[in-house]
Amino acid sequence: MRRALITGVTGQDGSYLAELLLGKGYEVHGLIRRASMFNTGRIDHLYRDPHEQGARMLLHYGDLTDGVRLVNLMREIDPDEVYNLGAQSHVRVSFDEPEHTGNATALGAMRLLEAVRMSGVQCRYYQASSSEMFGAETPPQNEDTPFYPRSPYGVAKVYGYWATRNYREAYGVFAANGILFNHESPRRGETFVTRKITRAVARIKAGLDDHVYMGNIDAERDWGYAPEYVEGMWRMLQADEPDDFVLATGSSMTVRDFLQASFGHVGLNWEDHVRFDDRYLRPSEVDALRGDASKAEKVLGWKATVDGARLAQIMVDADVEALEHEGRPWIDKVELPGWPATP
């Protein structure tokens, strides 16, 4: 039985990746931060009491800011694969908390790579890099596009990207960078723009709210469906050689387009319900991101099938259903070709 360690397991990508790996027969270990309240809602449906026979998902307290703990966990778990999805991942918040973002997102990646090296564990390492590294560069962007980050988050991700390449070249670690363009789902956090929109649509449709406040709605993004993207992560670590790959749909839409698709899906006019608030503007903006994932298709056989317009419909439907079931446990059900259902 192969073992995987996932940092950021309680996040959107971590929960989908855990499902994927459990469906493939892995034993999955997740790193979670200690908190006074439970923060495992996205993975509660996967978790089994470790006293139960056959339990294959185990959680460990730890943090990417604690290098000693990471080394000890590497030795204790002895994973075959490590997926570093943990980060301070909100771009706008990174302007308010640049030091914390650098410590967790940039140095966190270095600490985990160093834990791999110091522990002597023979494993394959995946680094969650980001399209925000491209920043101001003209689309389409691919693996050869120079980096021009426009936020502390983007800067931190560039650091993690080059740390990963350095450990690959200096120490022979099987280390791969996944340069993922925006990927969303019903499990996306409610402060991220896509989920903020679709949740607002559900509440406005139900008569609970009347409007939603937005910042820059002219920004253009390449939005895909998160469950497809975690399949790409896994494929990167199954390749014969470690390499870096862009994952993207190859198409893009503005925030304005996403608003129109989301509100229109329930028969509403977005212009009647959207208000502007300059507090949501970034000090420096990324105008347009659109990825070229032809390398991933050629080498990994990976190709996105859900575009931004379809994604908006999926997320709106899920938020409408979630609102109807408010106060009761709910989790989205996803079935994709080659992506097994939860065991």
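If you read the sequence from its start, that first residue is 1, and numbering goes on from there.
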Notebook entry, point to check: Can you list every ring-ring contact (aromatic ring centres under 6.0 Å, His included) pair that touches residues 168-190, not counting sequence neighbours?
Noted result: Phe134-Phe181, Tyr167-Tyr171, His183-Tyr229

Next item on the list: Kindly write out the residues that satisfy side-chain contact (heavy atoms from CB on, under 4.5 Å) with Phe276, not counting sequence neighbours, or none if the list is empty.
Entry: Asp278, Leu281

Next item on the list: State the CD-CG distance between Glu76 and Leu58, to the nearest 0.5 angstrom.
Entry: 9.5 Å

Note to self: Checking the side chain of Asp287 only, and the main-chain atoms of Ala219 only, is there a donor and an acceptor separated by less than 3.5 Å?
What the structure shows: no

Show the atom names and distances, to 0.1 Å, of all donor-acceptor pairs under 3.5 Å that link a side chain in residues 267-275 to residues at least two apart or in another chain.
| unit_1 | atom_1 | unit_2 | atom_2 | d |
| --- | --- | --- | --- | --- |
| Asn269 | OD1 | Glu271 | N | 3.2 |
| His273 | ND1 | Asp210 | O | 2.7 |

Margin query: I'd like to know if the side chain of Thr249 pairs up with that of Asp307 as donor and acceptor (distance under 3.5 Å, no hydrogens or angles considered).
Written below: no

Next item on the list: Rounded to the nearest 0.5 Å, what's the gap from CE on Met233 to CE on Met236? Could you check?
Entry: 7.5 Å

Margin query: Checking Asp80 against Arg124 for the salt bridge (charged side-chain N to carboxylate O under 4.0 Å, His left out) test, could you report, in this order, the C-alpha distance in whole Å, the side-chain angles of both residues, the deciding distance, and whether it holds?
Written below: CA-CA 6 Å; Asp80 299 288; Arg124 298 188 170 197; over 6 Å; no

Margin query: Please determine whether residues Val71 and Leu73 belong to a single hydrophobic cluster, defined as Ile, Leu, Val, Met, Phe, Trp and Tyr linked transitively by side-chain heavy-atom distances below 4.5 Å.
Written below: no

Check: Can you tell me how far OG of Ser151 sits from CZ of Arg92, rounded to the nearest 0.5 angstrom?
Finding: 10.5 Å

Check: Where the side chain of Arg33 meets the backbone of Asp63, is there a donor-acceptor pair that is under 3.5 Å apart?
Finding: no

Next item on the list: Decide whether Tyr153 and Leu85 are clustered together by the hydrophobic rule: side chain heavy atoms of Ile, Leu, Val, Met, Phe, Trp, Tyr closer than 4.5 Å, transitively.
Entry: no

Next item on the list: Could you walk me through whether Thr254 and Asp218 pass side-chain hydrogen bond (donor to acceptor under 3.5 Å, both in side chains), step by step?
Entry: CA-CA 6 Å; Thr254 63; Asp218 295 317; 5.9 Å; no

Next item on the list: Report the C-alpha separation of Ile32 and Val9 in whole Å, then their side-chain angles, then the decisive distance to 0.1 Å, and conclude whether the side chain to side chain contact (heavy atoms under 4.5 Å, CB included) test is met.
Entry: CA-CA 7 Å; Ile32 61 172; Val9 72; 3.8 Å; yes

Check: What pairs with Phe245 under ring-ring contact (aromatic ring centres under 6.0 Å, His included), at least two apart in sequence or on another chain?
Finding: none

Check: Which residues pass the side-chain contact (heavy atoms from CB on, under 4.5 Å) test with Gln238, sequence neighbours left out?
Finding: Arg2, Tyr26, Glu81, Tyr83, Trp234

Notebook entry, point to check: Do Gln88 and Thr105 meet the criterion of a side-chain donor-acceptor pair at a distance under 3.5 Å?
Noted result: no

Next item on the list: Would you please test Glu231 and Leu20 for side chain to side chain contact (heavy atoms under 4.5 Å, CB included) and show each step?
Entry: CA-CA 7 Å; Glu231 170 75 25; Leu20 177 73; 3.4 Å; yes

Notebook entry, point to check: Has Lys196 got its NZ or CZ under 6.0 Å from the middle of the six-membered ring of Tyr280, at an angle within 45 degrees of the ring axis?
Noted result: yes

Next item on the list: Working to the nearest 0.5 Å, report the span between CG of Leu21 and CD of Glu27.
Entry: 12.0 Å

Margin query: Please check this pair: side chain of Asp277 against backbone of Tyr213, looking for a donor-acceptor N/O pair closer than 3.5 Å.
Written below: no

Next item on the list: Compute whether any side-chain donor of one residue and acceptor of the other, for Glu137 and Thr145, lie under 3.5 angstrom apart.
Entry: no

Check: Do you see a donor-acceptor pair shorter than 3.5 Å between the side chains of Asn103 and Arg111?
Finding: yes

Checklist line | Of all pairs that satisfy ring-ring contact (aromatic ring centres under 6.0 Å, His included), the ones with a partner from residues 55-79, not counting sequence neighbours | finding: His29-His60

Check: To the nearest 0.5 Å, what is the distance between CD (Glu184) and CZ (Phe258)?
Finding: 7.0 Å

Checklist line | Arg3 side chain vs Ile77 backbone, donor-acceptor pair below 3.5 Å | finding: yes

Margin query: For Gln141 and Asp292, which I'm curious about, is there any donor-acceptor pair between the side chains at under 3.5 Å?
Written below: no

Next item on the list: Could you verify whether a donor N or O on one side chain and an acceptor N or O on the other, from Gln127 and Asn177, lie under 3.5 Å apart?
Entry: no

Notebook entry, point to check: Can a donor-acceptor pair be found between the side chains of Ser15 and Arg187 at a distance below 3.5 Å?
Noted result: yes

Margin query: What's the separation between atom CD in Gln260 and atom CE in Met253, rounded to the nearest 0.5 Å?
Written below: 8.5 Å

Notebook entry, point to check: Does NZ or CZ of Arg188 lie under 6.0 Å from the centre of the six-membered ring of Phe192, at an angle within 45° of the ring axis?
Noted result: yes

